[in-house]
Protein chains: 2
Amino acid sequence: MTEGTARLRQPSMADVARTAGVSAQTVSRALRGSPNVNPETRRRVLAAVEQVGYRFNSAARALSSGRSHTIGLVLLASGGYYSRSAVTAGVEAAAGEAGYAVSIATIAALDTGLMERSLSKLADQGVDGFVIAVPLISVTRKMEDITRDIPTVTLDGSRTAGARVLGIDQQEAGRVATQHLLDLGHRQVWHISGPDEWIEARQRRQGWQECLAAAGIEAPPPLEGDWSPDSGKRQGQIIAMIPEVTAVFAASDEMAFGVIRALHERGRSVPDDVSIVSVDDIALAAYCSPPLTTVRQDFYRYGQAAVALLLQGDEADVDESVATASLSVRASTAPPRSR
Amino acid sequence: MTEGTARLRQPSMADVARTAGVSAQTVSRALRGSPNVNPETRRRVLAAVEQVGYRFNSAARALSSGRSHTIGLVLLASGGYYSRSAVTAGVEAAAGEAGYAVSIATIAALDTGLMERSLSKLADQGVDGFVIAVPLISVTRKMEDITRDIPTVTLDGSRTAGARVLGIDQQEAGRVATQHLLDLGHRQVWHISGPDEWIEARQRRQGWQECLAAAGIEAPPPLEGDWSPDSGKRQGQIIAMIPEVTAVFAASDEMAFGVIRALHERGRSVPDDVSIVSVDDIALAAYCSPPLTTVRQDFYRYGQAAVALLLQGDEADVDESVATASLSVRASTAPPRSR
DNA sequence: GTTACGCATGGCATCGATAACATAGGCTCC
DNA sequence: GGAGCCTATGTTATCGATGCCATGCGTAAC
């Protein structure tokens, strides 16, 4: 209420210091929780902060300390919006709790040049760490240079210089999904994979192949989608024309939506005629018709865990279950119709 | 290939200046595209930048210029992941193009305190502008203080000091959806609204009420969900028990998924028994069973347009169509079964 | 009764880019 | 031919917090 002084400039630490009757240095220490500050002094400083309406200037801090307290998050525009959204939320929650900001960069397509540019952009912003939620197809020299200097966690099974990797074993996911169908009595399992540039896609496909091989079944040719429901629908139309197909493993929930749509349009019932398993367990998976049986991935936790790894280093206690592929069994799978 | 000098520190403008044989100031001018730089000098500077591997330090720039070239994006964790994801992508694309970074803050729930804290956090980071994709229920003094100093665009129909507002007319959306059902011959339209704290939810409900009133129909009591598919399912179970319901307007696609699931489980067919319209047109809407008729919102464009407004001010040419409610007619609506 | 050490605090240089101001040369115009 | 101006460039101070070192004081140790 004692307003009236025209304030041309945000108050700085010097202003706080003056008001509290200490030096700016002490203000800095008090605010950062240095142990060597008299409790009484700290109290005075905090009061002064309140009084002058001080807000700290992160640019100045970043410049003088060399650390920006910012984490850079790299996302792919085309990679399934649920996972993007959930990873982002997880990263932001964990980062925010630790006093870190999150700066994002979205790349429009899986392209090395775009990737390099995004990393550079974030590096220029001075981020203290990277969370890369994009498959690194080919790691270029430039990308290595950047990620060598800045701690990096990748969420997609690919590795680069010094980067830690997080996420479920995608090959295991492929096995679990396929085995579930075999256990139900299906004699053959078709696969609609993600784009081959994606490491996850390749790994899931491998898991599927291995699982079939272990059962002595020759794998049918895989169909390739691009993660979009539309691509799932297109491949689903092909599936629908092959009467002998009774079980399909789709590499993502969103593609599974498309597959189911195509099958319905062709008059084939899920799961009576064809069973479908996929991967992700997005929020809408349980509300598909029929509800999807799917291998769960907890993207929010991925995001949280990635930040924990970045900030706490290797000794971060990342919950084991983050890396465990578990199946959410719902109604899109059933034993094959006996004939 | 001429490596060998141990580099302890990132090269700075001074290093570039030395290499190019000019002053640091000239380097700064050359890099920022100031008109008063000799083309030949600029060339030399750029060559030197390349040679020493210079990357500019945004903290220093932010400190000395007072502008961070960062836009703060405020999201709500619980508000539908598709819209969040798409808005984020749009904001980031437009910001990136203009050389701006995007820093995000997610609030866990619609709470004034959380909102204040998020805004403060971003303000402390020194963002040059806000894009707020969260309804501002009650605008507190503190929030006003912040948004008075920093340009703000809101994407939810609420207004605060000096903020510009962007988005389709939600009331119109409610009218369009309802009218579509009436036009098909339905005599009554039920509504599953979003949470009452959301301005969009209130506006859509009003549109629905008005439309019914204009047709001389007394509106049934609205059912309230929380945007989640699960809440849609719960309300759908109620709907399913009321035989006379033939048409439902759900306030979001995700709730519509839940409603449809509930109806299917009770053996009621969509659209034969019950027609459903919703709002958003998320990527999966066309892959619902049946495909959803829904009022389209282009969240990506919202994001882009918001940034354009921030950076270019009022004279930004924001495409009119951003604000037009258009209906994507698919298969979840049909004339009522004649009886 | 020194020595030594820990604690609380202050002084000063520093981070890297930019704003504001200064300067030098070349050109136009009366 | 000098006043005035525009262009290209350099000099210096500055932004605000922090790192490093110095200082003074109290207390435990020898």
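Computed from a predicted model, the values in this text were never measured in an experiment. Reminder, nothing fancy here: chain letters follow the sequence lines and each chain counts from 1.
In this structure the side chain of B/Arg61 reaches within 4.5 angstrom of the side chain of B/Arg32, judged on heavy atoms.
Summary for the helix from C/dG1-D/dC30 to C/dC30-D/dG1: the axes at its two ends, each from 5 pairs, differ by 30° when rounded to the nearest 10 degrees.
Applying the ring-ring contact (aromatic ring centres under 6.0 Å, His included) definition to pairs two or more places apart or across chains, those involving residues 65-88 of chain A are A/His69-A/Tyr100, A/Tyr81-B/Tyr81, A/Tyr81-B/Tyr82, A/Tyr82-B/Tyr81.
Residues A/Val16 and A/Val45 come closest through the heavy atom pair CG1-O, 4.0 Å. Scanning all heavy atoms of the two residues, the minimum distance from A/Ser68 to A/Ala62 falls at CA-CB, 3.9 Å. Closest of all the heavy-atom pairs between B/Ala105 and B/Leu122 is CB-CD1, 3.8 Å.
For A/Phe56 and D/dC15, the CZ to P distance is 19 Å, given to the nearest whole Å. Between the C1' atom of D/dG16 and the CG atom of A/Asn57 lies a distance of 6 Å, rounded to the nearest Å. Per the geometry, CG belonging to B/Leu63 stands 12 Å off P belonging to C/dG16, to the nearest Å. Nucleotide C/dA17 holds its P atom 10 Å from the CD atom of B/Gln10, rounded to whole Å. Remark: C1' of C/dT9 and CZ of A/Arg44 are 11 Å apart, rounded to the nearest angstrom. Residue B/Arg67 contributes atom CZ, which lies 15 Å from atom C1' of D/dC15 at whole-angstrom precision. Rounded to an integer number of Å, the gap from A/His69 NE2 to D/dA17 P is 14 Å. Rounded to an integer number of Å, the gap from A/Glu40 CD to C/dT9 C1' is 14 Å.
Not a single side chain to side chain donor-acceptor pair (under 3.5 Å) links A/Thr88 to another residue, sequence neighbours left out. Under the side chain to side chain contact (heavy atoms under 4.5 Å, CB included) criterion, A/Ala14 pairs with A/Ser12, A/Arg18, sequence neighbours left out.
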Summary of protein contacts for nucleotides 6-12 of chain D, nucleotide by nucleotide, where a base hit scores B, a sugar-phosphate-only hit scores S (4.0 Å, heavy atoms): --SBBB-
For nucleotides 26-28 of chain C, tabulate all protein N/O to nucleotide N/O atom pairs closer than 3.5 Å, reporting atom names and distance.
none

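For B/Glu97, the CD atom counts as loosely surrounded, since its 6.0 Å shell holds 12 or fewer non-hydrogen atoms of other residues, nucleotides or ligands.
No donor-acceptor pair closer than 3.5 Å links the side chain of A/Arg55 to the backbone N or O of B/Asp124. B/Ser103 contributes a side-chain N or O that, together with a main-chain N or O of A/Val102, makes up a donor-acceptor pair within less than 3.5 Å. Remark: the backbone N or O of A/Ala86 is not paired with any side-chain donor or acceptor of B/Arg84 at under 3.5 angstrom.
Between B/Arg32 and C/dA19, a side-chain N or O to OP1/OP2 separation shorter than 4.0 Å is present. In terms of phosphate contacts, A/Ser28 brings a side-chain nitrogen or oxygen within less than 4.0 Å of OP1 or OP2 of D/dT18.
Picking from D/dA17, C/dA19, C/dG16 the nucleotide with the shortest atom distance to the side chain of A/Arg61 gives D/dA17.
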